[in-house]
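In each ligand, atom 1 is the first atom listed, and ligand 1 is the first ligand listed.
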Amino acid sequence: MQFLSFFLSLGLLLIVIIGNGLDSPELHLREATDFPVGVAINPKRLVQAEYAQVVGQEFSSITAENVMKPQYIWAAEREYGFSLGDSIVTFANAHNQQVHGHTLAWHLMQPEWLENSIASYDSATLENLLRDYIQAVVKHYQGKVVSWDVVNEAISSDGKGWRNSVYHQKLGDNYVARFHQYAREADPDVLLFYNDYDVVAKPEKLATILAMVDNFQSRNIPIDGIGMQMHIGLDFSLDKFQYALDEIVKRGLKVHLSEVDIRTNPDGELSSLTAEAAQKQRELMTEIVRRYNQLPQENKFAVTFWGLRDNESWLTKHTGHPQWPLLFSENLDKKPMYQGFLEGLDVNQTKLE
Ligand code: 9MR
């Protein structure tokens, strides 16, 4: 009997040793890349230990999905509340992560008091309010965030020109440039981004953004980078993506893939993520990372995922169906898309191209 239990223990020991030996050491995204990898988070979820652990281990950059927007910070005309945003900075500091600020101005989701009173402000009053807000927020986070999206989505959806928002109506064509100047006055070092969606899907939108950049650069208006939101589907065009990257790099700007999520369920036909869709998503992720990784080092700002887990994505509500658009499943398992990201960093494959 003793003999038998000796062999059983030996067997178990061997299984453990061999098992450990087979496990390759776990490589986290932040260690695998030479550019920051980011995730948009809701600080309330950081109380979930596993969520916080994955965010801390895998990512080297954090964006507040919502809590650094005016809707959360701007309490009344000249009253600001920073506690939720500050909690993100505290977490990031504890995990040696950079923070990207999103966003100083956006025509959507304004604080309710502003939404209610904006029509009654004359242009000068509104401009002064926005200037004071931008400068207070930038100063508060000076040295704590590396970058800001100054104005979010100021170009019209069809890409043809300025969006007909209440800001544009009251403040005119030049307001985005002035907001950049206000931010720069408040912090000489923070990087300033223009952030928008459909930069790849709509060539006219890219052209309008590039014309804005050229105009800014010809007038010495500060701009350091472009945020390409990357809310995309499996039909994403890699050729158009490459063209957009090249045009931004030509202008000496940094590229932020700022809000990456890849939809897999455009018509809502799937009730779970199929192996086929997961594989397509993985391959697309690989090609995106490969092209991004080939940019000159100084143009690679960060790749930021718009959420951690599939079930937390804004897209479920927005499209009315689950889209499984992110790197991690609901129970925090790494998806094929995660492997696809790592595969895009493969230097040997890159050299073959
Ligand atoms: O994901 C964000 C969602 O939780 C918010 O309800 C919504 C409105 O504030 O904003 C979403 O994030 C948006 C981002 O701020 C700007 N680009 C589009 C994103 C998806 O709508």
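Using a 4.0 angstrom heavy-atom cutoff, H231 counts as in contact with ligand 1.
Note on K205 versus D196: salt bridge recorded, some NZ/NE/NH1/NH2 to OD/OE distance being below 4.0 Å. A salt bridge does not link R131 with E185: every distance from a Lys NZ or Arg NE/NH1/NH2 to an Asp or Glu carboxylate oxygen is 4.0 Å or more. No salt bridge links E283 with K280; every basic N to acidic carboxylate O contact stays at or beyond 4.0 Å. Here R282 pairs with E343 in a salt bridge; the nearest charged N to carboxylate O distance falls below 4.0 Å.
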| Can K144 and V99 be said to form a side chain to side chain contact (heavy atoms under 4.5 Å, CB included), step by step? | CA-CA 7 Å; K144 297 174 178 165; V99 178; over 6 Å; no

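The nearest heavy-atom contact from the protein to atom 4 (O) of ligand 1 is N66 ND2, 3.0 Å. The closest protein non-hydrogen atom to atom 12 (O) of ligand 1 is W306 NE1, 3.3 Å. Among all non-hydrogen protein atoms, the one lying nearest atom 8 (C) of ligand 1 is M109 CG, 3.4 Å. The nearest protein atom to atom 18 (C) of ligand 1, hydrogens excluded, is given as E259 OE1, 3.3 Å; this is a heavy-atom distance. The closest protein non-hydrogen atom to atom 2 (C) of ligand 1 is E65 OE2, 3.4 Å. Closest to atom 14 (C) of ligand 1 among all protein heavy atoms lies H102 NE2, 3.5 Å.
Atom NE2 of residue H102 and atom OG of residue S147 lie 11.5 Å apart, to the nearest 0.5 angstrom.
Close contacts of ligand 1 with E153, meaning ligand atoms under 4.0 Å from a residue heavy atom, involve 16 (C), 17 (N), 18 (C). Close approach of ligand 1 to W314 (heavy-atom distance below 4.0 Å) involves ligand atoms 1 (O), 20 (C), 21 (O).
The ring of F216 has its center closer than 6.0 angstrom to the ring center of H180.
Partner of L257 under the side-chain contact (heavy atoms from CB on, under 4.5 Å) criterion, out of F35, F301, F241: F241 alone.
Contacts between N152 and ligand 1 below 4.0 angstrom, taking non-hydrogen atoms only, involve the side chain exclusively.
In this structure, of E312, Q110, K69, the residue bringing a heavy atom nearest to atom 7 (C) of ligand 1 is K69.
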